[in-house]
Amino acid sequence: MTRDSLTPFMSKGNESAISPRRGEDFPEWYQQVVRSAEMAENSEVRGCMVIRPWGYALWERMQGALDAMFKATGHKNAYFPLFIPLSHLQKEADHVEGFAKECAVVTHHRLELHDGKLVPAGELTEPLIVRPTSETIIGATYAKWVKSYRDLPILLNQWANVVRWELRPRLFLRTAEFLWQEGHTAHETEAEAIVETEKMLGVYGEFAENWLAIPVIRGEKSESERFPGAVRTYCIEAMVQDRKAIQAGTSHFLGQNFAKASGIKFLSRNNTEELAWTTSWGVSTRLIGTLLMAHGDDDGAVMPPRIAATQVLIIPITPKPDTRDAVLAKAEEVAATLRSASYAGEALRVEIDARDLGGGVKSWEWIKKGVPLRIEIGPRDLESRSAAVARRDKGPKEKEFLSVDSLAARVPDLLAEIQQNLLDRALAFRREHTRKIDTKEEFYAYFTPQNSEKPEIHGGFALAHWNGSSEVEAKIKEDLKVTIRCIPEESEEFPIEPGICPFTGEQSARRVIFGKAY
RNA sequence: CGGGGCGUAGCUCAGCUUGGUAGAGCGCUUGGUUUGGGACCAAGAAGUCGCAGGUUCGAAUCCUGUCGCCCCGACCA
């Protein structure tokens with residue numbers, strides 16, 4: 001007997017569901033994960049994506065959790081226009097500088113048929129831009145609303161789409177149109193606005209870690225990475241599995257820049273005319289890409305239970321027609337029992353996949369989609385009152401048989417374990433690939449791929465001293481495509497310790513985080 | 001917008017050098033056998049070969065133009 005004749009049962013053998021694997025070609029792996037998890041796909045329009053139901057459900061979960069956190073911190077939702085008069089954008093010089101190059105511009109408002117072709121007609125007297133962000137139009141609105149210190153603070157958020165005409169789109173990470181939320185607040189005092197900026201950064205950090213199981217570094221951006229028009233930009237920065245950094249959320253202290261540009265003025269308690277202090281903060285559908293790159297494995301997406309749209313997927317195994325109904329009934333019963341249990345303060349989200357397909361096919365589909373727990377119930381389980389339970393954070397073939405009567409009690413614990421495991425895993429990964437570096441040579445070696453023909457995954461985060469100059473930053477960026485991801489908030493992991501800048505030999509007040517970024 | 005590559009079935013691609021009228025695998029549909037881990041057999045549907053011109057008796061194949069996509073740079077959440 002040849003070896004080949006022994007293997008027809010395992011036609012796919014030990015192959016991973018996603019090809020190439022992460023280590024082979026990370027960008028391609030990512031695209032395959034997005035596609036095979038049915039999260040999104042490219043659309044007819046360059047740079048724009050179709051977010052599929054499984055991807056949109058994830059976004060809805062993110063919206064739900066964040067929205068509750070915004071409300072809990074005193075914010076209300078509102079909606080501002082998609083179109084912004086061109087003249088508005090012009091008011092804040094840095095802002096123009098930052099966004100002008102990627103604005104979609106609306107110049108006409110009508111189409112006419114000429115020789116069978118539709119052509120734009122009805123030219124607008126003033127072109128409109130499609131919002132790349134809404135500081136300007138919201139500022140103009142706030143200017144009308146604010147007359148007195150009694151009108152402050154204004155604490156609003158909007159859920160919206162924005163357009164930034166990107167030249168090199170990537171699903172979720174960088175698309176021409178994307179979904180996000182943007183908070184915009186106006187305050188009486190500088191101190192109050194700074195508190196707000198920091199508070200919302202805290203909200204994002206908590207959300208990333210507690211819900212997405214993604215450890216993030218809270219910090220401030222250097223001048224060159226700052227939001228156009230901001231006085232200070234804070235961020236949460238995550239490391240994904242190719243060891244690159246991704247900015248997962250930002251919070252900006254805008255000082256009085258936008259208030260000045262938009263005329264947000266009020267009469268103070270001292271009867272003097274003052275400019276308001278404003279902030280803005282946002283996260284986008286980029287979080288979905290971040291999540292996939294942080295937790296995904298060679299079999300596809302891995303959803304942390306707390307954010308997963310479906311936490312438990314029940315697969316009825318129905319090999320024989322005569323037991324089919326009984327198995328399906330048992331699956332329904334188990335689903336109902338589980339739905340009455342809860343995890344992290346919410347009822348369990350349980351689905352049954354009763355499609356008439358082979359069990360293996362269905363399992364792999366849900367593995368690729370990243371459902372945290374799969375429960376298989378077959379005819380043999382009816383007798384033994386058991387079910388096969390598989391965790392997405394373990395190997396695809398690892399199954400544990402549990403008594404169906406224990407599921408309602410056990411599943412919430414399993415979900416909690418998975419959630420914790422994903423966070424621990426991601427944190428360990430980041431720590432493993434974060435290094436204190438004190439010489440220029442080591443720094444350059446760290447960020448230079450061994451094989452320049454086909455650059456492998458290398459480097460990570462470097463904790464290095466820096467003299468604070470933009471020139472040094474620019475030089476490093478030019479040489480290595482490495483930038484300062486953030487100046488981290490002081491913590492046990494990132495203590496403030498003075499030293500010597502390895503690039504200039506000058507004094508440095510503290511280490512900052514360098515890395516390659518998305 | 002600069003440099004490189006590629007457009008052939010839903011997807012991945014072969015065919016092109018040397019023109020002769022459309023192929024494979026996967027997927028899909030139907031029927032049967034299967035089903036506790038990506039099943040098998042049989043039958044079937046599916047492409048104006050990116051688009052427009054040109055050369056030719058004849059173009060997926062050669063020529064010109066054009067559009068789109070991907071990768072590398074510049075820019076960015």
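Note on naming: letters A, B, ... go to the chains in the order of the sequence lines (proteins, then strands), and numbering restarts at 1 for each one. Since this is a predicted model, take the numbers as computed values, not measurements.
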Colleague: Considering only atom P, compute the distance from B:A24 to B:C69 and round it to an integer number of Å.
Modeller: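 My reading of the P atoms in B:A24 and B:C69 gives 31 Å.
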Colleague: Using whole Å, report how far CG of A:Asn42 lies from C1' of B:C69.
Modeller: 9 Å
Colleague: Look at all strands and tell whether A:Ser363 reaches a base, only sugar-phosphate, or nothing, counting heavy atoms closer than 4.0 Å.
Modeller: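 Touches a base.
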Colleague: State the pairing partner of B:U61; accept Watson-Crick or G-U wobble contacts with both distances under 3.5 Å, and report none otherwise.
Modeller: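 Across any shown strand, B:U61 pairs with none.
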Colleague: State yes or no: are the ring centers of A:Trp281 and A:Phe227 separated by less than 6.0 Å?
Modeller: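 Ring centres of A:Phe227 and A:Trp281 not closer than 6.0 Å.
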Colleague: For B:U21 and B:G15, measure between their C1' atoms and round to the nearest Å.
Modeller: 14 Å
Colleague: Closest to the A:Ile367 side chain: B:G38, B:G36, B:G37?
Modeller: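 Selected nucleotide (nearest to the side chain): B:G37.
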Colleague: So which nucleotide does B:U30 pair with, by the Watson-Crick or G-U wobble rule with both distances under 3.5 Å?
Modeller: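 With both distances under 3.5 Å, B:U30 matches B:A42.
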Colleague: Take atom P in B:A77 and the same atom in B:U8, then report the distance between them in whole Å.
Modeller: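 So the two P atoms sit 35 Å from each other.
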Colleague: Start with the C-alpha gap between A:Phe258 and A:His184, add the side-chain angles, then the distance that decides, and say whether ring pair (Phe, Tyr, Trp, His ring centres under 6.0 Å) holds.
Modeller: CA-CA 11 Å; A:Phe258 284 90; A:His184 293 274; 8.7 Å; no
Colleague: Please work out if A:Leu179 contacts a base, only the sugar-phosphate, or nothing of the nucleic acid, heavy-atom cut-off 4.0 Å.
Modeller: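 Counting heavy atoms under 4.0 Å across all strands, no contact is made by A:Leu179.
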Colleague: Determine the contact category for A:Gly359: base if any of its heavy atoms lies under 4.0 Å from a base atom, sugar-phosphate if only primed atoms, P, OP1 or OP2 are that close, otherwise nothing.
Modeller: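 If one applies the 4.0 Å heavy-atom cut-off, A:Gly359 turns out to touch nothing in the nucleic acid.
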Colleague: For RNA chain B, whose closest nucleotide is more 5', that of A:Glu398 or that of A:Ala248?
Modeller: A:Glu398
Colleague: Describe the nucleic acid contact of A:Pro27 in one word from base, sugar-phosphate, nothing, applying a heavy-atom distance below 4.0 Å.
Modeller: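 Nothing: the residue A:Pro27, judged by heavy atoms under 4.0 Å, touches no strand.
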Colleague: Go through the steps to decide whether A:Phe514 and A:Phe447 satisfy the test ring pair (Phe, Tyr, Trp, His ring centres under 6.0 Å), and finish with yes or no.
Modeller: CA-CA 10 Å; A:Phe514 287 88; A:Phe447 286 115; 7.6 Å; no
Colleague: Would you mind pulling out the nucleotide paired to B:G7, Watson-Crick or G-U wobble, both distances under 3.5 Å?
Modeller: B:C67
Colleague: Measure the distance from CD1 on A:Ile246 to C1' on B:A77 and round it to the nearest whole Å.
Modeller: 8 Å
Colleague: Report the distance from atom CD1 of A:Ile315 to atom C1' of B:G36, rounded to the nearest whole Å.
Modeller: 11 Å
Colleague: Reading RNA chain B from 5' onward, which residue's closest nucleotide shows up sooner: A:Gly378 or A:Pro169?
Modeller: A:Gly378
Colleague: Could you tell me whether A:Lys399 contacts a base, only the sugar-phosphate backbone, or nothing, with contacts defined as non-hydrogen atoms closer than 4.0 Å?
Modeller: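 It contacts base atoms.
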Colleague: What is the base-pairing partner of B:U35, counting Watson-Crick and G-U wobble geometry with both distances under 3.5 Å?
Modeller: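 Pairing partner, where one exists within any strand: none, as none qualifies.
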Colleague: Using a heavy-atom cut-off of under 4.0 Å over every strand shown, decide if A:Gln247 touches base, sugar-phosphate, or nothing.
Modeller: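 Touches sugar-phosphate only.
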Colleague: When the distance from CD of A:Glu225 to C1' of B:C75 is rounded to whole Å, what number comes out?
Modeller: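 To the nearest whole Å, that distance equals 12 Å.
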Colleague: Applying a 3.5 Å limit to both distances, which nucleotide forms a Watson-Crick or G-U wobble pair with B:U56?
Modeller: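 Per the H-bond distance test, none.
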Colleague: From C-beta outward on A:Glu102, which listed nucleotide comes closest to its side chain: B:C76, B:U35, B:G38?
Modeller: B:C76
Colleague: Describe the nucleic acid contact of A:Arg374 in one word from base, sugar-phosphate, nothing, applying a heavy-atom distance below 4.0 Å.
Modeller: base
Colleague: Using atom CG of A:Asp25 as one end and atom P of B:U12 as the other, report the distance to the nearest whole Å.
Modeller: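 A:Asp25 atom CG is separated from B:U12 atom P by 15 Å.
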Colleague: To the nearest Å, how far apart are A:Lys101 NZ and B:C1 C1'?
Modeller: 13 Å
Colleague: Do the side chain of A:Arg164 and the base of B:C76 come within less than 3.5 angstrom through a donor-acceptor pair of N or O atoms?
Modeller: no
Colleague: How about A:Trp54: does its CH2 atom have over 12 heavy atoms from other parts shown lying under 6.0 Å from it?
Modeller: yes
Colleague: Of the nucleotides B:G38, B:A77, B:G36, which has the atom closest to the A:Ala17 side chain?
Modeller: B:G38
Colleague: Give the nucleotide from the list B:G37, B:A77, B:C71 with an atom nearest to the side chain of A:Glu376.
Modeller: B:G37
Colleague: Minimum heavy-atom separation for A:Val162 to A:Pro132, with atom names?
Modeller: CB-O, 3.8 Å
Colleague: Could you measure between the two P atoms, the one in B:A60 and the one in B:C13, and give it in whole Å?
Modeller: 22 Å
Colleague: Determine the interatomic distance between P on B:C26 and the same-named atom on B:C67; round to the nearest Å.
Modeller: 39 Å
Colleague: Return the pairing partner of B:C76 with a 3.5 Å limit on both distances, Watson-Crick or G-U wobble; otherwise return none.
Modeller: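 Its partner: none found.
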Colleague: Among A:Glu220, A:Glu473, A:Glu237, exactly one meets salt bridge (Lys or Arg N to Asp or Glu O under 4.0 Å) together with A:Arg485. Which residue is that?
Modeller: A:Glu237
Colleague: Considering only side-chain heavy atoms of A:Lys397, which listed nucleotide, B:G37, B:G38, B:U35, is closest?
Modeller: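 Minimum distance to the A:Lys397 side chain belongs to B:G37.
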Colleague: Between B:A77 and A:Phe178, is there a base-stacking contact, meaning the centre of the base's six-membered ring lies under 5.5 Å from the residue's ring centre while the planes stay under 30° apart?
Modeller: yes
Colleague: State plainly whether the residues A:Arg355 and A:Glu365 are in salt-bridge range, i.e. N to O under 4.0 Å.
Modeller: yes
Colleague: Remember a base hit wins even if backbone is also touched, and classify A:Phe99 as base, sugar-phosphate or nothing at under 4.0 Å, heavy atoms.
Modeller: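 No contact.
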Colleague: Between B:C63 and B:U55, how many Å separate the two P atoms, rounded to a whole number?
Modeller: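 Their P atoms lie roughly 15 Å apart.
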Colleague: Just by distance, no angles: are the side chains of A:Asp67 and A:Trp159 close enough, under 3.5 Å, to form a donor-acceptor pair?
Modeller: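 Note: A:Asp67 and A:Trp159 side chains meet the donor-acceptor criterion.
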Colleague: Tell me: CD of A:Glu478 to P of B:G73, nearest whole Å?
Modeller: 14 Å
Colleague: Looking at side-chain heavy atoms only, is the closest gap between A:Lys368 and A:Ser36 below 4.5 Å?
Modeller: yes
Colleague: Write down the distance separating the C1' atoms in B:G10 and B:G53, rounded off to the nearest Å.
Modeller: 31 Å
Colleague: Please report the distance separating the C1' of B:U35 from the corresponding atom of B:A9, rounded so that it comes out in whole Å.
Modeller: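 It works out to 30 Å between them.
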Colleague: Please determine, for B:U21, whether a Watson-Crick or G-U wobble partner exists with both distances under 3.5 Å, and give it or none.
Modeller: none
Colleague: Once you apply a heavy-atom cut-off of 4.0 Å, does A:Thr175 come out as touching a base, just sugar-phosphate, or nothing?
Modeller: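 Touches a base.
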Colleague: Rounded to whole angstroms, how far apart are CZ on A:Phe401 and C1' on B:G37?
Modeller: 11 Å
Colleague: Look at all strands and tell whether A:Lys481 reaches a base, only sugar-phosphate, or nothing, counting heavy atoms closer than 4.0 Å.
Modeller: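 Here A:Lys481 touches the backbone only, sparing every base.
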